[in-house]
Asker: 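Mind looking over this structure? Questions follow.
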Amino acid sequence: MKIRQILDKIDENQLFVPAFQREYVWKRNDAKNLISSLIKDYPTGTMLTWETNNPPELKGKYKYNENKGAVKIILDGQQRITTLYMLMRGEIPPYYTEMEIENDVRNLYVNVETQELEYYKVKVMENNPLWVNITDIFKGKVRERDITDELEKRNNGERLPRERETTISNNIRAIERIEDRDFLEQIIPVKASIKEAIDIFYIVNASGVNLTDAELALAQISGYWPNARNLFKKKLQDLEKQGWVFKLDFVVYALLAVTHRIGSKMEKLHTADNKEKLIEAWNKLDNSVLDYVCNLLQSQAYIDHTDEINSVYALIPIITFTFNKPDNKLNEEEIKKAIKWFYYSQIRFRYISQLPQKLDKDIGIICDNPNPFDTLLALIDEERPLEIKPSEFIGRDIRHPLFSLMKWYFKSRGAVCLGTGLSLRKNMGKKYTLERDHIFAYSVLRDSGIYDMDNQFHYAIAQEVTNRAILTSTENREKSATYAEVYLKRVKKEFPNALKLQCIPEDENLWKVENYEKFLDVRREILANELNTYLTNISIGQVNVSTTIDLLDMIQSGEHGFLEFKSSMRWNWKENRLDKKIEEIILKTISAFSNAQGGKLLIGVSDEGDILGLESDYNTFKEANKDNFELHLRNIVNKSFGKEFGALNLTVRFPIVNDIEICEIDIKAGKAPLYCDVGDKNGALQKKFYVRSGNTSQELDIEETASYIKKRF
């Protein structure tokens with residue numbers, strides 16, 4: 001069909017979008033790229049349609065009447081078609097409401113001389129007749145002569161060169177011709193059933209990256225339970241009013257968890273035999289469980305909004321546990337244990353990767369273990385240390401979940417805004433919403449000449465969470481760039497307990513700009529001590545649980561701040577030879593973990609998580625076995641870092657994963673700085689200092705090293 005025909009059929013109620021389709025999610029850049037391709041006459045994809053006398057529920061107000069015969073629905077390509085409709089008609093198509101348009105891509109402008117496409121920019125487009133709203137061209141509101149007349153007027157009436165006029169004219173014609181472009185239509189046979197049509201829709205999308213597994217599962221659910229999507233969306237809208245913002249994916253994961261006790265294999269929801277079970281489960285989630293869990297976290301965990309949460313999917317095990325309780329309520333002990341686990345799941349990034357696999361394991365424990373949250377907590381402890389150390393705060397900004405934990409802890413103590421004395425709990429009115437203010441204003445630190453953006457480490461220190469307090473927005477505006485020394489004295493006078501409740505040091509000497517880093521040192525210690533005590537004491541009567549995390553699960557989760565993979569200790573897989581330079585990389589990683597918070601190094605595992613084993617390393621020794629491997633490893637460690645370090649700070653094991661032996665090295669956080677000898681291109685050794693940052697080992701320069709050591713050790 002021609003694009004003009006497609007849009008006309010939508011207006012004439014001849015072309016529809018089924019209710020199981022997701023909302024409009026394209027971004028402005030997607031819209032620009034589509035129009036650019038159409039102007040240049042490039043291929044732009046296809047449309048998959050299905051003409052049927054038995055359609056699924058349709059989006060929009062139109063209700064199918066079988067007396068009107070067959071209708072045609074769009075199964076694939078609706079994001080492109082919706083984009084074209086909004087840009088060519090300037091309106092939202094009738095099958096969508098404004099609520100379903102996540103990004104409004106209208107008001108796209110085109111430079112009719114260069115074909116450049118941009119959304120409105122005042123400095124570029126104001127008083128420039130070459131920039132035209134592309135919708136006005138499609139609707140015939142802009143004529144070529146209007147543009148050239150305006151250009152000539154600005155040029156003292158001198159006529160434009162013929163070549164320039166021709167370029168403008170051709171570009172406008174190219175845009176107008178888009179309506180007559182053919183849009184390739186692929187058609188599903190009329191005889192197909194709803195299930196078969198959705199299966200085809202699934203196959204088409206499964207080969208791309210456009211839809212998530214949960215979205216595809218929701219499409220199947222909507223096929224056999226037509227009003228499911230609307231029911232879910234209504235519930236999400238109700239929860240959003242209370243500060244809990246979830247996507248439809250979240251609902252699908254919750255349904256999968258409570259009906260099939262898993263977090264992956266979304267295809268289990270695809271068949272119609274799920275319908276009664278899903279309706280029953282949804283009624284319980286809708287009427288009881290979701291509200292209960294959200295209220296529990298608000299009242300007992302001091303979480304007022306989902307924007308305070310690192311991963312909302314940590315709610316799924318709690319929802320599953322609550323769902324399985326006979327009365328869908330938890331007792332005091334269960335609440336405390338669930339909250340304690342939830343906090344640690346956030347600060348130790350339980351669901352930062354491999355979400356379905358992690359949920360599989362955790363939901364299984366929830367359903368089968370007599371002490372599920374103790375066991376889940378023990379799993380986190382096996383993978384990453386639970387204790388928070390002062391050095392963990394170094395360079396961490398407000399995006400780190402430690403900052404969320406600080407807020408929850410402050411709220412648990414009844415902390416107040418430093419300037420207004422209002423509680424940090426959810427307050428009414430926009431000007432009393434909570435904001436993250438610098439205690440030492442950044443402009444003041446920057447002007448001191450040390451903490452500008454030229455030095456990455458110092459800039460990170462200026463933005464650190466330990467330089468943050470929680471204020472209402474009205475107080476934040478009034479405080480502005482006041483010196484900490486002046487501001488904190490006023491707070492201490494007006495609200496004497498406010499500083500202590502937000503773990504802010506009360507020694508006035510620390511409030512001076514020149515003592516900024518001493519202030520951070522003291523506050524890191526206070527925060528670490530108080531947060532550890534708070535977390536430790538949340539749960540009463542905790543059961544001792546002995547469990548070992550599945551090493552394969554850990555590998556599949558990928559590298560992170562406490563886990564590193566190396567393919568070998570000394571074998572170069574790319575060049576198929578012994579390469580002792582690789583030993584330097586092993587030592588560099590060990591030193592980086594020691595200088596940070598410790599961690600685990602797995603040798604014999606590729607960066608992608610493939611299990612390679614140690615055979616190639618073994619074969620570099622006279623006797624190919626793990627004893628010689630470990631002996632050599634300890635020798636190079638002892639030579640570089642000393643025998644005491646190797647004996648006290650390293651634990652070496654050789655576990656079997658997928659029937660292949662690898663090396664597992666646990667490195668404790670060191671008590672002293674650890675330098676690594678690294679050879680340059682001439683073979684000369686240089687001492688370098690590495691720290692763990694994210695999932696990499698980073699070298700610090702001399703100045704950064706001095707600052708880091710001062711704070712860490």
Asker: Using 30° and 60° as the class limits, which term best fits the ring planes of Tyr534 and Tyr343: parallel, tilted or perpendicular?
Answerer: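 The rings of Tyr534 and Tyr343 sit tilted, inter-plane angle from 30° to 60°.
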Asker: Check whether any side-chain N or O of Arg413 sits under 3.5 Å from a backbone N or O of Lys500 as a donor-acceptor pair, and report yes or no.
Answerer: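 Yes, because the side chain of Arg413 sits within donor-acceptor range (under 3.5 Å) of the backbone of Lys500.
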Asker: If you take all heavy atoms of Ala469 and Ile504, which pair is closest and at what distance?
Answerer: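 Between these two residues, the closest heavy atoms are CB-CD1, 4.3 Å.
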Asker: Answer yes when Glu308 and Lys411 have at least one side-chain N-carboxylate O distance shorter than 4.0 Å, and no when they do not.
Answerer: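 Yes, this pair counts.
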Asker: List the steps and the verdict of side-chain contact (heavy atoms from CB on, under 4.5 Å) for Arg80 and Leu34.
Answerer: CA-CA 8 Å; Arg80 294 186 191 87; Leu34 175 62; 4.3 Å; yes
Asker: Examine Lys284 relative to Phe323 and say whether NZ or CZ is less than 6.0 Å from the centre of the six-membered ring and inside a 45° cone about the ring axis.
Answerer: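 Yes, Lys284 sits over the ring of Phe323.
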Asker: Using the rule given for side-chain contact (heavy atoms from CB on, under 4.5 Å), can you reason through Asp286 versus Asn283, listing the C-alpha separation, both sets of side-chain angles and the distance that settles it, and then say yes or no?
Answerer: CA-CA 5 Å; Asp286 182 20; Asn283 286 336; 5.6 Å; no
Asker: May I ask you to decide whether Glu333 forms a salt bridge with Lys337, counting only side-chain N to carboxylate O separations under 4.0 Å?
Answerer: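 Here Glu333 pairs with Lys337 in a salt bridge, since their nearest N and O are under 4.0 Å apart.
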Asker: Here's a test for you: under side chain to side chain contact (heavy atoms under 4.5 Å, CB included), which of Leu527, Val465, Ile347 qualifies with Leu405?
Answerer: Ile347
Asker: When you compare the side chain of Leu256 with that of Ile262, does any pair of heavy atoms fall below 4.5 Å?
Answerer: yes
Asker: For the NZ atom of Lys358 and the CD1 atom of Ile352, what is their distance to the nearest 0.5 Å?
Answerer: 9.0 Å
Asker: Only one of Ile365, Ile366, Asp362 forms a side chain to side chain contact (heavy atoms under 4.5 Å, CB included) with Thr375, so which one is it?
Answerer: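 The residue from Ile365, Ile366, Asp362 that satisfies side chain to side chain contact (heavy atoms under 4.5 Å, CB included) with Thr375 turns out to be Ile365.
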Asker: Does the side chain of Leu386 reach to within under 4.5 Å of the side chain of Leu535, using non-hydrogen atoms?
Answerer: no
Asker: Would you give the length of the straight line joining atom NZ of Lys27 to atom CD of Gln79, rounded to the nearest 0.5 angstrom?
Answerer: 10.5 Å
Asker: Any side-chain to backbone donor/acceptor pair from Asn532 onto Ile388? Under 3.5 Å, distance only.
Answerer: yes
Asker: Of the non-hydrogen atoms in Ile73 and Pro56, which two are nearest, and what is the gap between them?
Answerer: CD1-CD, 3.9 Å
Asker: Just how far is it from atom CD1 of Ile221 to atom OG1 of Thr271, taken to the nearest 0.5 Å?
Answerer: 10.0 Å
Asker: Between Leu296 and Ile339, is there a side-chain heavy-atom distance shorter than 4.5 Å?
Answerer: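 Answer yes - side chains close enough.
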Asker: Please assess Ile303 against Trp244 for the test side-chain contact (heavy atoms from CB on, under 4.5 Å), listing each intermediate value before the final yes or no.
Answerer: CA-CA 10 Å; Ile303 300 166; Trp244 296 91; 3.9 Å; yes
Asker: Can you check whether Gln597's main-chain N or O pairs, donor with acceptor, with Lys389's side chain at less than 3.5 Å?
Answerer: no
Asker: Would you call Lys247-Asp249 a salt bridge at under 4.0 Å N-O?
Answerer: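 Salt bridge flag = no for Asp249 with Lys247.
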Asker: Determine the minimum heavy-atom distance between Phe321 and Pro372, stating which atoms define it.
Answerer: CE1-CG, 3.7 Å
Asker: Tell me, with the steps shown, if His438 and Gln463 meet side-chain contact (heavy atoms from CB on, under 4.5 Å).
Answerer: CA-CA 8 Å; His438 291 83; Gln463 304 300 328; 2.9 Å; yes
Asker: List the atom of Tyr224, the atom of Leu269, and the distance in Å for their closest heavy-atom pair.
Answerer: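 The pair with the smallest heavy-atom distance is OH-O, 2.6 Å.
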Asker: Mark yes or no: Arg28 above the aromatic ring of Tyr119, with NZ or CZ under 6.0 Å from the six-membered ring centre and no more than 45 degrees from the axis.
Answerer: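 Cation-pi check for Arg28 and Tyr119: passes.
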Asker: Taking the six-membered ring of Tyr85 (Phe, Tyr or Trp), confirm whether the NZ or CZ of Arg89 is under 6.0 Å from its centre and within 45° of its axis.
Answerer: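 Flagged: Arg89 positioned over aromatic ring of Tyr85.
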Asker: Report yes if the side chains of Glu240 and Leu236 come closer than 4.5 Å at any heavy-atom pair, otherwise no.
Answerer: no
Asker: Using every non-hydrogen atom in the two residues, find where Leu330 and Ile335 come nearest and quote the distance to one decimal.
Answerer: CB-CG1, 3.7 Å
Asker: Is there a donor-acceptor contact under 3.5 Å from the side chain of Asn33 to the main chain of Asn29?
Answerer: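 Here the side-chain-to-backbone pair exists.
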Asker: Are the ring centres of Trp282 and Phe232 closer than 6.0 Å?
Answerer: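 Aromatic pair counts; centres sit under 6.0 Å.
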Asker: Side chain of His305, backbone of Asp307: donor and acceptor closer than 3.5 Å?
Answerer: no
Asker: Under a 4.0 Å threshold between the charged nitrogen and the carboxylate oxygen, would Lys265 count as salt-bridged to Asp360?
Answerer: no
Asker: Quick check on the 6.0 Å ring-centre criterion: do Tyr313 and Tyr351 meet it?
Answerer: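 No, too far apart.
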Asker: Hey, is Asp327 close enough to Lys329 for a salt bridge, meaning N to O under 4.0 Å?
Answerer: no
Asker: Just how far is it from atom CD1 of Ile92 to atom CE of Met99, taken to the nearest 0.5 Å?
Answerer: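 Ile92 atom CD1 to Met99 atom CE measures 11.5 Å (nearest 0.5 Å).
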Asker: So, does Thr83 use its side chain to make a donor-acceptor pair with the main chain of Ala31 at under 3.5 Å?
Answerer: no
Asker: Less than 4.0 angstrom from a charged side-chain N to a carboxylate O is my criterion; do Arg229 and Glu23 meet it?
Answerer: yes
Asker: Hey, what do you get for CD (Glu387) to CD (Glu392), rounding to the nearest 0.5 Å?
Answerer: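 Between atom CD of Glu387 and atom CD of Glu392 there are 8.5 Å.
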Asker: Once you round to the nearest 0.5 Å, how far does CG of Asn371 lie from CG of Leu376?
Answerer: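 Result: 10.5 Å between the selected atoms.
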Asker: Between the side chain of Gln346 and the main-chain N/O of Asn310, is any donor-acceptor distance below 3.5 Å?
Answerer: yes
Asker: Going by the angle between their ring planes, with limits at 30° and 60°, are Phe246 and Phe250 parallel, tilted or perpendicular?
Answerer: parallel
Asker: Hey, does Asp397 have a side-chain heavy atom less than 4.5 Å from the side chain of Phe403?
Answerer: no
Asker: Is there a side-chain contact between Arg396 and Arg524, using heavy atoms and a 4.5 Å cut-off?
Answerer: no
Asker: Using modelled atom types and a 3.5 Å cut-off, is there a donor and acceptor pairing between side-chain atoms of Asn274 and backbone atoms of Lys268?
Answerer: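 Yes: the side chain of Asn274 pairs with the backbone of Lys268.
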Asker: Do other residues, nucleotides or ligands put more than 12 heavy atoms under 6.0 Å from the CD atom of Glu280?
Answerer: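 Atom CD in Glu280 is not crowded, with 12 or fewer foreign heavy atoms closer than 6.0 Å.
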Asker: Within a strict 4.5 Å, meaning less than it, do heavy atoms of the Lys325 and Glu334 side chains meet?
Answerer: yes
Asker: At their closest point, which heavy atom of Gly90 faces which heavy atom of Arg106, and how far apart are they?
Answerer: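 Answer, listing the atom of Gly90 first, then Arg106: O-NH1, 3.1 Å.
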Asker: Do the side chain of Arg348 and the main chain of Pro385 share a donor and acceptor less than 3.5 angstrom apart?
Answerer: yes
Asker: Looking at Gln242, is its backbone amide N or carbonyl O close enough to the side chain of Gln298 to form a donor-acceptor pair, meaning the two atoms are under 3.5 Å apart?
Answerer: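 It does hold such a pair.
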Asker: Do Asp381 and Leu377 have side-chain heavy atoms sitting under 4.5 Å apart?
Answerer: no
Asker: Assess whether a salt bridge exists between Asp291 and Lys235, defined as any Lys/Arg side-chain N lying under 4.0 Å from an Asp/Glu carboxylate O.
Answerer: yes
